[in-house]
J.: 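I am attaching a structure below and will ask some questions about it afterwards.
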Number of protein chains: 2
Amino acid sequence: MSFQKYTLKDIAKALNLSTSTVSRALRDSYEISEETKKKVLSYAQKINFQVNPIARSLKERRSNTIGVIVSEISNNFFSQVIEGIESVAYDRNYQVVITQSHENNKREKLLVEHLFKRSIDGLLMTLSAESNETEYLEDLVKSGFPLVFFDRVPETFDAHKVIADNKKGGVEAVEYLVRKGCRRIAHITGNHNLSTNRERLDGFKKGLKANGFPFEEEAVRYCPHGGADAGEMERAVQELESYGYDGIFISGDRLTTGYLQALNRLGDLENKTHRIVGFTNSKVFEIFNPPITAIKQPAIEMGEKAAKLLIAQIEAKYPMEEYETIMLPIEMASK
Amino acid sequence: MSFQKYTLKDIAKALNLSTSTVSRALRDSYEISEETKKKVLSYAQKINFQVNPIARSLKERRSNTIGVIVSEISNNFFSQVIEGIESVAYDRNYQVVITQSHENNKREKLLVEHLFKRSIDGLLMTLSAESNETEYLEDLVKSGFPLVFFDRVPETFDAHKVIADNKKGGVEAVEYLVRKGCRRIAHITGNHNLSTNRERLDGFKKGLKANGFPFEEEAVRYCPHGGADAGEMERAVQELESYGYDGIFISGDRLTTGYLQALNRLGDLENKTHRIVGFTNSKVFEIFNPPITAIKQPAIEMGEKAAKLLIAQIEAKYPMEEYETIMLPIEMASK
DNA sequence: ATGAAAGCGCTAACAG
DNA sequence: CTGTTAGCGCTTTCAT
């Protein structure tokens, strides 16, 4: 590997050509003779020449960079999504710039602006739990800027979206629990700004109905801090006690592990013999105690699909007419 | 938020100034009168002007971008490191470009080259398990290019490094187990290309010695695939059976969870009452079954420290004279 | 204190 | 088929 950086000019000088000829030869232009192309290519190879992407970006007005906003990188689910994004981007020669909103609406807005000004060619984002004010995103979409939402998506306006079938997740969770003999099913959910939690609650209701169970408000506990707040979760667990449930469906990754942590801390694991079904993308849910049935989102695939959809937009000659929503199936797994 | 992009020229035209004056005013140059500065600044604010980072990069020959290479983004530990890196970089106005080596030496080399050519200002990397050939990295370091290794670092040459106190982790693991009454302590380790695994094994040996126990080769099982290969781990567990251990120390994140998975699969959790101490950065190790004592690396801090060290190098007027190795303490935690 | 002009490395319109 | 030239948006030297 050589660390010397060469320019077109260097090659031009060495071969007694003009920079434009070199440029064209390297881009395999039809205007250049085979002979010259060969000469240029082989010399370029020899010195391990690489075009300066910054100069090219300035000229072409595109950076080959896509921005990503997630709430937290070190979250099972999001890190897997990022893994998917990165792999597609790498193959298509895009750089990926990752940022974190920390569930904060203000910061999210700053990030969008920051990334936008940083000349990203497109943006991949999931909404923060606090995102109530999303007008600026609607404007951004309407302006034609390539943007794909994944997982937590806006519902007040049209846009490209990649999501999991959250509602079905709720339905299947209930069905599974009923099949296993549960008769009183509780639900723990997170912040209802998020499309995901609302959809999963919908699924929960639908599942109950389909199985002839009434929906009872006392069966549901809300943890707006999404499991990050231990006290909140412990309270939820204790409040739910009186409901006497024999099965529970939990709406999110941190909520699920938070619930298990709370059970462990409150320390009556033996008495609790209820079944637990929860959304989680943990790769090691089989070693959790108490055991759970996991609902997984195809995170890597979601990242891949979102990245592909975004790159398609970026590289489209004309803005894409129709907004597309890709819905991915969820997957249930028991130990 | 406005999506219109303005240039210096736009401002210059609007205010009847030259672009150079505007440029200087925006950078608060002493040559510009307060009055003009005010005029320019307020107008810039009004139209929400942002310099074009690409043009600036071309001119200044720096991209304000740092590259990161990890083996896998969706790994507890690495995603936490990235979280730390991102936060520091964001504050100091650097972009972070993340890539994954997938433990593959060839790909790692390609990435280094790729990032380098992409005009990153500096590189943060952890070695892949396959990294045996690291000469090119030595050359890169010697060339003066800003580069900081973290976690898995090269040992055949000097460089800036940020690591955890792995050896101490091994020592403390043994000490903990002995204190809890263990008399026969086993060890599972990963690929010995990696500094981390070698150091932890060293610590293991040292800990045994300090407590008057002999080191026995049969006590150690090697899992070069680092827990990613389930069969490998199951074999290790079964082979270890005959050693009759009452305590075990496990050398890595995936190895630790892999060990627990293997125990669960092999299914005699009740008979196994040995104590387990393992490196893991899982945020939810308290809900693991069987219970373990976790050795955590300060991952976020490691990312922060590495990023700061890197940025210091990038922004240093003269190349830093001395290579610095920052060693961070590990932390033990039980349920 | 301000402006004109050059140049970072590249691409492409235009000319030949 | 190849070269000349202009220009992407910015910073900075040199002139005034």
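The sequence lines fix the lettering, A, B, ..., with proteins before strands; numbering per chain opens at 1.
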J.: Heavy-atom distance under 4.5 Å between the side chains of A:Tyr43 and A:Val22, does that happen here?
T.: no

J.: Given A:Lys109, which of A:Glu130, A:Glu135, A:Glu133 fulfils the salt bridge (Lys or Arg N to Asp or Glu O under 4.0 Å) condition?
T.: A:Glu133

J.: Identify, with sequence neighbours excluded, every residue that meets side-chain contact (heavy atoms from CB on, under 4.5 Å) alongside A:Arg61.
T.: none

J.: Within the distance-only criterion (no hydrogens, no angle test), does the side chain of B:Asp121 pair as donor or acceptor with the backbone N or O of B:Asn64 below 3.5 angstrom?
T.: yes

J.: Scan side-chain atoms only and decide if A:Ser128 and A:Glu103 contain a donor-acceptor pair under the 3.5 Å cut-off.
T.: no

J.: Find the distance A:Asn16:CG to D:dT4:C1' and express it as a whole number of Å.
T.: 16 Å

J.: Scan side-chain atoms only and decide if B:Ser33 and B:Glu35 contain a donor-acceptor pair under the 3.5 Å cut-off.
T.: no

J.: Give the residues of residues 32-42 of chain A touching DNA chain D, defined as any heavy atom closer than 4.0 Å, sorted by residue number.
T.: A:Ile32, A:Ser33, A:Thr36

J.: For A:Phe157, give me all partners under side-chain contact (heavy atoms from CB on, under 4.5 Å), at least two apart in sequence or on another chain.
T.: A:Thr134, A:Leu137, A:Glu138, A:Val141, A:Phe149, A:Pro154, A:Ala159

J.: Give the rounded distance in Å between these two atoms: CD1 of A:Ile11 and P of D:dG3.
T.: 14 Å

J.: Have a look at the helix from C:dA1-D:dT16 to C:dG16-D:dC1 and give the angle its two end axes make, five pairs each, rounded to 10 degrees.
T.: 50°

J.: Validate the cation-pi geometry between A:Lys5 and B:Phe116: distance from NZ or CZ to the six-membered ring centre under 6.0 Å, angle to the ring axis within 45°.
T.: yes

J.: Sort out for me which residue in B:Phe150, B:Tyr323, B:Phe145 forms a ring-ring contact (aromatic ring centres under 6.0 Å, His included) with B:His160.
T.: B:Tyr323

J.: What integer distance in Å separates B:Lys117:NZ from C:dC10:P?
T.: 12 Å

J.: Rounded to whole Å, how long is the line connecting atom OH of A:Tyr30 with atom C1' of D:dT2?
T.: 13 Å

J.: Each nucleotide in nucleotides 8-16 of chain D should get exactly one letter: B, S or -. Can you fill that in based on protein heavy atoms under 4.0 Å?
T.: BBBBBB---

J.: Could you state the atom-to-atom distance from CG of A:Asn64 to C1' of C:dC10 in whole Å?
T.: 14 Å

J.: Indicate yes or no: does B:Lys308 engage B:Glu304 in a salt bridge with an N to O separation below 4.0 Å.
T.: no

J.: For B:Leu110, enumerate each residue passing the side-chain contact (heavy atoms from CB on, under 4.5 Å) test, keeping only those at least two apart in sequence or located in another chain.
T.: A:Tyr90

